[in-house]
Amino acid sequence: MSKSYLDTLPNEDGFFGKYGGAFIPPPLEKPFAELNKAYDELSQSNEFHAELNSIRKHYQGRPTPIYFAKNLTKYCGGGKIYLKREDLNHTGAHKLNHCMAEALVAKHLGKSKLLAETGAGQHGVALATAAAYFGLECEIHMGEIDIQKEHPNVIRMQILGAKVVPATHGLKTLKEAVDSAFNAYVADSENTLFAIGSVVGPHPYPKMVRDFQSVVGREAREQFLEMTGELPSHAVACVGGGSNAMGLFSGFIDDEVKLHGVEPLGVGTKLGQHAASLTYGEEGIMHGFNSIMLKDKDGEPAPVYSIGSGIDYPSVGPEHAYLRDIGRTIVGTCNDEDAVDAFYKLSQLEGIIPALESAHAVAYAMKLAKENPNDSILVNLSGRGDKDIDFVVEKFPIPTKD
Ligand SMILES: *Cc1c(COP(=O)(O)O)cnc(C)c1O
């Protein structure tokens, strides 16, 4: 059998074509070399996979189901829409898939502490959950402004036993939280695993996080085949950093399934109004890897915006840049308004309140369904929307059901 895509990419230096790599300062070379070696071994270890599978089944509640969204399909009047229900994963989103696995890597490496930055707090909550499970310390760096804005997630992290460290310099948001977490890591890399929250960052994180999310695609392929006797025509996922998308895509990458990544178009196409990095960005290095990014006039990461606070990232995982370049994926967009419309439609037609991030993928799938009446469309419903309800109803009145 010829080697599959997943066995050949990234290469051993972490490159997907020209994208990826590890652009790190000298003090981090040693801890990254250690992590690379350890992950190479662990990814071949039956014991590691058996332990991870057991966690997936007994703690996370996997496999998550696939659901045929019959009412939404009928409403769109076209192709069939199916949902991979990552919103039913413990803690309500796909993020726990990589957080539990990263924590398991930390345990095998003999580390005592998990460290990360968080923007809206979703990654912080998932990591704090994993830390509690494994009895590890957890330190989450967060901009002081974000701490005020995302109060419920801060409380959740603290209840789960994590220490939330405010980043108090500069604009006091995600970028400063990255700096702050980074400095804390350099100071104590001996005892700490830096747990990156998507398929971004220096090698090996894009590969590692893809591997950990690939459970979504593996399950989905098998379940879809069992349910319908064939593969879907399209697989659709929202793309921030790109982890839930790579999770789903990896299951179908060697098949004739069209893969669609949906970027947030926010409130417009001007810089600062959206976070559609692949759509409007250019090649550049940020946060330790080469990819496509949105730059300001000085070449620094540009300010970004989306109503989905988990997808407003100024770059994208290097593998997404590569797959787009070689024509394997199709990159689409969805703006705030269409995402909110899909948020309400899925809630009222199917009884499923999606995360605003996931609603971008749903909105895109609804259009695809209308345009392709004979096709089947599998959407990764990356998370549930409980976290978004107060914000949505305040800004966008609840529509009357028609
Ligand atoms: C964080 C988050 C995302 C975006 O992350 P990716 O790495 O792009 O998948 C998408 N959906 C939900 C529900 C999230 O919490």
Side-chain angles (χ1 to χ4, degrees), residues 19-20 93-95 98-99 116-124 126-127 140-143 145-146 149-150 153 167 171 173-179 181-182 194-202 205-206 209-210 213 237-247 261-267 271-296 299-324 329 331-336 339 355-361 380 382-383:
Y19 303 112
H94 72 288
K95 285 199 170 70
H98 57 248
C99 285
E117 76 281 346
T118 194
Q122 296 301 111
H123 176 53
L127 198 64
I140 305 293
H141 292 245
M142 196 168 177
I145 302 278
D146 290 334
K149 263 170 62 184
E150 309 289 346
N153 274 342
L171 296 175
T173 63
L174 183 62
K175 182 176 177 296
E176 290 74 25
V178 174
D179 299 339
F182 188 79
F194 202 144
I196 290 182
S198 189
V199 285
V200 300
Y205 286 94
V209 174
R210 176 192 77 190
Q213 286 296 341
C238 67
V239 175
S243 66
N244 88 86
M246 275 323 304
V262 184
E263 295 196 307
L265 198 53
V267 291
L271 207 60
Q273 294 183 324
H274 63 83
S277 319
L278 283 169
T279 307
Y280 295 105
E282 51 191 313
E283 190 176 339
I285 295 172
M286 117 180 196
H287 296 165
F289 64 104
N290 186 40
S291 186
I292 301 289
M293 62 183 271
L294 293 165
K295 296 178 184 174
D296 66 14
E300 293 294 311
V304 282
Y305 164 79
S306 164
I307 195 170
S309 52
I311 44 179
D312 60 353
Y313 184 62
S315 184
V316 65
E319 190 164 16
H320 284 285
Y322 171 74
L323 290 172
R324 193 270 311 259
T329 55
V331 176
T333 58
C334 166
N335 64 21
D336 280 9
L356 280 172
E357 294 83 0
S358 326
H360 286 73
N380 197 1
S382 55

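All values reported here derive from a predicted model rather than from experimental measurement.
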Practice problem: Calculate, to the nearest 0.5 Å, the distance between atoms OG and NZ belonging to Ser315 and Lys295 respectively. | Solution: 10.0 Å
Practice problem: Would you name the heavy atoms of Ala302 and Pro314 that are closest together and state the gap between them? | Solution: O-CB, 3.7 Å
Quiz item: Do the side chain of Asn153 and the main chain of Ala120 share a donor and acceptor less than 3.5 angstrom apart?
Solution: yes
Self-check item: Within-4.5 Å side-chain heavy-atom neighbours: Ile196 and Pro202
Solution: yes
Quiz item: Can any side-chain N or O of Asn244 pair as donor or acceptor with the backbone N or O of Ser382 at less than 3.5 Å?
Solution: no
Quiz item: Say you draw a straight line from CG of Asn290 to CD1 of Ile285; how long is it, rounded to the nearest 0.5 Å?
Solution: 5.0 Å
Quiz item: Is there a donor in the side chain of His287 and an acceptor in the side chain of Tyr205, or the other way round, less than 3.5 Å apart?
Solution: no
Practice problem: Please report the closest heavy-atom contact between Asp146 and Leu174, naming both atoms and the distance. | Solution: OD2-N, 3.5 Å
Self-check item: Spacing of OG1 belonging to Thr173 relative to CD belonging to Glu117, to within rounding of 0.5 Å
Solution: 11.5 Å
Quiz item: Out of curiosity, Tyr280 OH to Leu271 CG, how far, rounded to the nearest 0.5 Å?
Solution: 11.5 Å
Quiz item: Who pairs with Ser306 by side chain to side chain contact (heavy atoms under 4.5 Å, CB included), at least two apart in sequence or on another chain?
Solution: Pro264, Ile311, Asp312, Asp336, His360
Self-check item: Heavy-atom side-chain proximity of Met246 to Leu323 below 4.5 angstrom
Solution: yes
Quiz item: Which distance, rounded to the nearest 0.5 Å, do you find between the OH of Tyr313 and the CE of Met293?
Solution: 9.0 Å
Self-check item: Spacing of His94 atom NE2 and Asn380 atom CG [to the nearest 0.5 Å]
Solution: 7.5 Å
Self-check item: Any donor-acceptor N/O pair, His123 side chain to Ala195 backbone, under 3.5 Å
Solution: yes
Practice problem: Answer whether the closest heavy-atom distance between the side chains of Tyr19 and Glu283 falls below 4.5 Å. | Solution: yes
Self-check item: Pair Ile292-His320, side-chain contact (heavy atoms from CB on, under 4.5 Å): steps then yes or no
Solution: CA-CA 9 Å; Ile292 301 289; His320 284 285; over 6 Å; no
Quiz prompt | Side-chain donor/acceptor of Gln122 to backbone N/O of Lys95, under 3.5 Å | solution = no
Quiz prompt | Residues in side chain to side chain contact (heavy atoms under 4.5 Å, CB included) contact with Ala355, at least two apart in sequence or another chain | solution = Glu357, Ser358, Lys387, Asp388
Quiz prompt | Donor-acceptor under 3.5 Å (Ser243 side chain, Gln213 main chain) | solution = no
Quiz item: Within the side chain of Arg324, is there an N or O that forms a donor-acceptor pair under 3.5 Å with the backbone of Val331?
Solution: no
Quiz item: Closest approach of Cys334 and Val262, non-hydrogen atoms and distance?
Solution: CB-CG1, 3.8 Å
Exercise. Take atom CG of Leu171 as the centre, draw a 6.0 Å sphere, and report whether it contains more than 12 heavy atoms from other residues, nucleotides or ligands.
Key: no
Quiz item: If every non-hydrogen atom of Leu356 is compared with every non-hydrogen atom of Ala339, which pair is closest and at what distance?
Solution: O-CB, 4.4 Å
Quiz item: Is the backbone N or O of Val199 less than 3.5 Å from a side-chain atom of Glu319, with the two atoms forming a donor-acceptor pair by type?
Solution: no
Self-check item: Shortest non-hydrogen contact from Pro318 toward Ser291
Solution: CA-OG, 3.8 Å
Quiz item: How about Lys149: does its NZ atom have over 12 heavy atoms from other parts shown lying under 6.0 Å from it?
Solution: no
Quiz item: What's the shortest heavy-atom distance between Tyr305 and Gly272, and which atoms?
Solution: CB-O, 3.4 Å
